[in-house]
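A short write-up of the structure that comes next.
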Amino acid sequence: MPDRCEVLPGDAVVARRGGGLLWVDAPGSPALAAALHACLGVAGPGADRVLAAVAAQVHALGGGSASFALVLTDSAGGSGTGVALWSGKGQPAVDGVPVSGQPTEGCSLAAGFPLGGTLYVGPGQAAPSMPPGVAYDLTEGTVPGSGALLHLAAVAHAGAAVPPATAAPSPFTAGSDAGFAGAASFGAPAAAPSYTPGGSSASGAAARVEEGEETAFWKPDAASAPVLRFDDGLVVTVDEDLVLGRRPDSHELVTAGNARPVPIADTQNVLSSAHAAIQRTGREVTLTDLGSLNGTHVAGPEATEWTQLEPGVAHPLSDGDRLLLGWTVITYEQPQE
């Protein structure tokens, strides 16, 4: 069983690459976010010195108001240690126990702490477990999130007999730089990321469901349902009605239990809290603007111009249609018959 990373939806950012895991809430500080994201590729001896150097620049890059938690892990051989840097509301934790560090340039730095079965990054104390039905399952990349819990299979099950793999699923992989760019271009529309489709066999999907790995936002057994493919590599299954926006969890469709919230990272404040709704009626899927401030736009696969939707009027979607919400481009894809 591979490592599994659960990400709670939210307005901040979670990134995972290699052995690195990052949570950062630094609105208005793109240079700091980019510097922390670059650290995800650091590994081996000297990683603590790299993080110490970053700590010396945190105040200048983030204005002293940023919160983040960054952990670099090395779990080769079934055991390993971690190096962490955090500041503000950020806090890493191992098996629910906060990591203790030394004050460093206004941050906290810890090196050489043992890894356990779970690793948390986010604000405050780690939750004992993620609430069901709200977590992403992130293999690599950058997504919006309010915290992340990484299950370290190699460490947690060291020495245990590993049964033969039945059918290895292709992982979900968001573009590794989605949501991050150079300091000058942070928040601009991201370049097209690489994406590995999440196809899997029926036996592999069933095994993950039994182990509790199925999530609300990525369902390996939902080949018969349409999907929304975001420009940062995220894929959302349209297996029920959805509300998209900056903070869609408070919309009446969601609170009434009639739709699932899909939060979208919004570094430039161009999205409304509940921006648009995706609704299913039989085999038809429609897009409706929910009275958003900057509007919802749609374009066909071959169209060269965007068409703004009238608020409250459902627009039927076809395979390949592109949706524009703020700066976020989403492609609607129907399953192949």
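In terms of modelled atom types and a separation under 3.5 Å, the side chain of His37 and the main chain of Leu22 share no donor-acceptor contact. Side chain of Ser108 to main chain of Gln102: no donor-acceptor pair is present (N/O by atom type, distance under 3.5 Å, no hydrogens or angles). A donor-acceptor contact shorter than 3.5 Å links the side chain of Arg246 to the backbone of Leu271. Formation of a donor-acceptor pair under 3.5 Å by the Asp95 side chain with backbone atoms of Gly117 is found in this model. For Ser292 (side chain) and Asp289 (main-chain N/O), no donor-acceptor pair under 3.5 Å exists by modelled atom type. In this structure, the side chain of His251 does not engage the main chain of Pro248 through any donor-acceptor pair within 3.5 Å.
Through direct or indirect side-chain contacts shorter than 4.5 Å among Ile, Leu, Val, Met, Phe, Trp and Tyr, Val243 is connected to Leu253, Val254, Leu290.
For the atom pair CD of Gln279 and CG of Asn258, the computed distance is 9.5 Å after rounding to the nearest 0.5 Å. Atom SG of Cys107 sits about 11.0 Å away from atom NE2 of His59, to the nearest 0.5 Å. Atom CG of Leu317 is separated from atom CZ of Arg280 by 12.0 Å, given to the nearest 0.5 angstrom.
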Could you please spell out the steps behind the side chain to side chain contact (heavy atoms under 4.5 Å, CB included) verdict for Val227 and Val238? CA-CA 5 Å; Val227 298; Val238 187; 5.6 Å; no

Leu51 and Leu70: CA distance, side-chain angles, deciding distance, side chain to side chain contact (heavy atoms under 4.5 Å, CB included) verdict: CA-CA 9 Å; Leu51 296 192; Leu70 169 65; 3.6 Å; yes

Could you walk me through whether Thr288 and Leu309 pass side chain to side chain contact (heavy atoms under 4.5 Å, CB included), step by step? CA-CA 8 Å; Thr288 304; Leu309 301 184; over 6 Å; no

Just do the side chain to side chain contact (heavy atoms under 4.5 Å, CB included) check on Thr331 and Phe230 with the steps written out, would you? CA-CA 6 Å; Thr331 302; Phe230 285 63; over 6 Å; no

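Val262 and Val329 fall into different hydrophobic clusters, where Ile, Leu, Val, Met, Phe, Trp and Tyr residues are linked whenever their side-chain heavy atoms come under 4.5 Å apart, directly or through other members. One hydrophobic cluster, built from ILVMFWY side chains closer than 4.5 Å, cannot hold both Leu324 and Leu287; they sit in different ones. Under a hydrophobic clustering in which Ile, Leu, Val, Met, Phe, Trp and Tyr are joined whenever their side-chain heavy atoms come within less than 4.5 Å, directly or via other members, Val50 and Leu61 fall into the same cluster. Note on Val94: it clusters hydrophobically with Val7, by side-chain heavy-atom contacts below 4.5 Å among ILVMFWY residues. Both Leu32 and Leu109 are assigned to one and the same hydrophobic cluster, defined by single-linkage of ILVMFWY side chains at heavy-atom distances under 4.5 Å.
Between Leu242 and Leu228, the closest side-chain pair of non-hydrogen atoms falls below 4.5 Å. Contact of the Lys89 side chain with the Asp25 side chain is not registered, since no non-hydrogen atoms from C-beta on lie closer than 4.5 Å. Using a 4.5 Å heavy-atom threshold, the side chains of Ser318 and Tyr332 count as separate. Within the 4.5 Å cutoff, no side-chain heavy atoms of Thr281 are placed close to those of Thr286. Two residues are said to be in side-chain contact when any heavy atoms from C-beta on lie closer than 4.5 Å; Thr296 and Leu323 fail this criterion. Side chains of Leu244 and Ile264 form a contact here, defined as non-hydrogen atoms less than 4.5 Å apart. Using a 4.5 Å heavy-atom threshold, the side chains of Arg247 and Pro261 count as separate. Between Leu21 and Cys5, some side-chain heavy-atom pair lies under the 4.5 Å cut-off.
More than 12 heavy-atom neighbours from other residues, nucleotides or ligands sit within 6.0 angstrom of CZ on Arg322. Heavy-atom contacts from other residues, nucleotides or ligands closer than 6.0 Å to CD of Glu310 number 12 or fewer.
Note on Arg260 versus Asp239: salt bridge recorded, some NZ/NE/NH1/NH2 to OD/OE distance being below 4.0 Å. Contact check on Glu140 versus Arg16 returns no salt bridge, with no Lys/Arg side-chain nitrogen under 4.0 Å from an Asp/Glu carboxylate oxygen.
Heavy-atom minimum distance, Ala12 versus Trp23: CB-NE1, 3.4 Å. Of all the heavy atoms in Gly300 and Asp321, the pair that sits closest is CA-OD1, 3.5 Å. The shortest non-hydrogen separation linking Phe113 to Val99 is CD2-CG1, 3.9 Å. Nearest heavy atoms, Val83 versus Gly112: CG2-N, 4.4 Å. When all heavy atoms of Ser146 and Pro123 are compared, the closest pair comes out as O-CD, 3.2 Å.
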